[in-house]
Every structure is written in C-alpha cells, then in structure tokens.
Amino acid sequence: MVKLGILARMEAKPGRENEVASFLEGALPLVQAEPGTVTWYAIRIGPSEFGIFDTFEDDAGRQAHLSGKVAEALMANASELFARPPDIGPVDVLASK
C-alpha cells in the first residue's frame, strides 16, 4: 500500500505552457524506469499551472525519485520554463483506491 507521496506545483512562464506540457509528457519514460515510484501523474491544473503527483511505498522510493533523472531535468529547466521555482513537497497518503 502506498503511504507516501510528493506534490509538485509549477507555474509556466507566459508563452511556455506548451513546452511545460511537452516536458512533463516526455518525462514518463524516465519515471517508468524507477522501481520505487508506484504511481506518477503529470497534471494541468489551469492554463499555465501544472503539477506532478506521485506515490511511494516507502521513503527510500521517495528519496530515490527526488534524486532521480526527472527531478534533475525539472530543476535544470526551471529557470527557463517556470515563472518561479517549482513548489515541491512531501505528502502523506491517507487513503487510496
């Protein structure tokens, strides 16, 4: 059962919304290679607001994801794509189906 997660929210710079969407869609193969990441969702919250929600069975999986290729690529492109640094934080999963 998943117990832990990460919620990341990011605001695209004006005119960069399609690039952010493509970046997030392109990250899927990187996440699929992470055995400790149980679920991963790249979402569009509004016209320029995006997010990532992922879940893990333990903290080792969560930490591996935070130091993995997606996080590295996200931070490497942050100043180019986002209006401000992504807001990334751990969450506890209380219930899931």
Side-chain angles (χ1 to χ4, degrees):
M1 181 174 130
V2 297
K3 302 175 191 173
L4 305 172
I6 297 171
L7 178 61
R9 294 179 74 137
M10 53 219 93
E11 183 77 26
K13 284 185 175 179
R16 305 308 281 269
E17 297 85 358
N18 289 338
E19 290 176 66
V20 171
S22 293
F23 171 82
L24 292 173
E25 291 167 354
L28 181 60
L30 298 175
V31 178
Q32 288 173 325
E34 297 178 353
T37 302
V38 177
T39 61
W40 183 85
Y41 302 92
I43 57 175
R44 188 173 207 150
I45 300 166
S48 63
E49 188 175 3
F50 296 83
I52 298 171
F53 175 70
D54 30 23
T55 63
F56 312 90
E57 292 179 354
D58 55 36
D59 196 53
R62 180 162 61 182
Q63 293 307 316
H65 179 71
L66 285 170
S67 62
K69 293 182 180 184
V70 174
E72 182 180 312
L74 185 70
M75 298 318 290
N77 291 289
S79 63
E80 181 181 324
L81 296 175
F82 306 122
R84 59 188 158 279
D87 179 15
I88 302 170
V91 297
D92 293 329
V93 177
L94 303 177
S96 65
K97 176 181 175 187

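This chain uses plain numbering: 1 for the first residue, then up along the sequence.
- Sorted by first and then second residue, the pairs that involve residues 45-56 and meet salt bridge (Lys or Arg N to Asp or Glu O under 4.0 Å), not counting sequence neighbours, are R9-E49.
- Under the side-chain hydrogen bond (donor to acceptor under 3.5 Å, both in side chains) criterion, R44 pairs with no residue at all, not counting sequence neighbours.
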Only distances under 3.5 Å count here; give the side-chain donor-acceptor pairs of residues 75-86 to other protein atoms, sequence neighbours excluded, each with its distance to 0.1 Å.
unit_1: N77; atom_1: ND2; unit_2: A73; atom_2: O; d: 2.8
unit_1: E80; atom_1: OE2; unit_2: R16; atom_2: NH2; d: 3.1

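- Looking at F23 and L74, their side chains come closer than 4.5 Å, going by heavy atoms from C-beta outward.
- Rounded to the nearest 0.5 Å, atoms CG (L7) and CZ (F53) are 7.0 Å apart.
- With hydrogens and angles left out, the side-chain atoms of E11 and S48 include a donor and acceptor closer than 3.5 Å.
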Donor-acceptor pairs under 3.5 angstrom involving side-chain atoms of residues 87-97: please list them, not counting sequence neighbours.
none

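- For E17 (side chain) and G15 (main-chain N/O), a donor-acceptor pair under 3.5 Å exists by modelled atom type.
- Not counting sequence neighbours, the partners of A42 by the side-chain contact (heavy atoms from CB on, under 4.5 Å) test are L24, W40.
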Let me check something: any side-chain donor-acceptor pairs from residues 25-37 under 3.5 Å, sequence neighbours excluded? List them with distances.
unit_1: E34; atom_1: OE1; unit_2: T37; atom_2: OG1; d: 2.6
unit_1: E34; atom_1: OE1; unit_2: H65; atom_2: ND1; d: 2.5
unit_1: E34; atom_1: OE2; unit_2: H65; atom_2: ND1; d: 3.3

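- Checked by atom type and distance alone, the side chain of T55 never pairs as donor or acceptor with a backbone atom of V38 at under 3.5 Å.
- Other residues, nucleotides and ligands contribute at most 12 non-hydrogen atoms within 6.0 Å of the NZ atom of K3.
- When each of I45, I43, V20 is checked for a side chain to side chain contact (heavy atoms under 4.5 Å, CB included) with F50, only V20 meets the rule.
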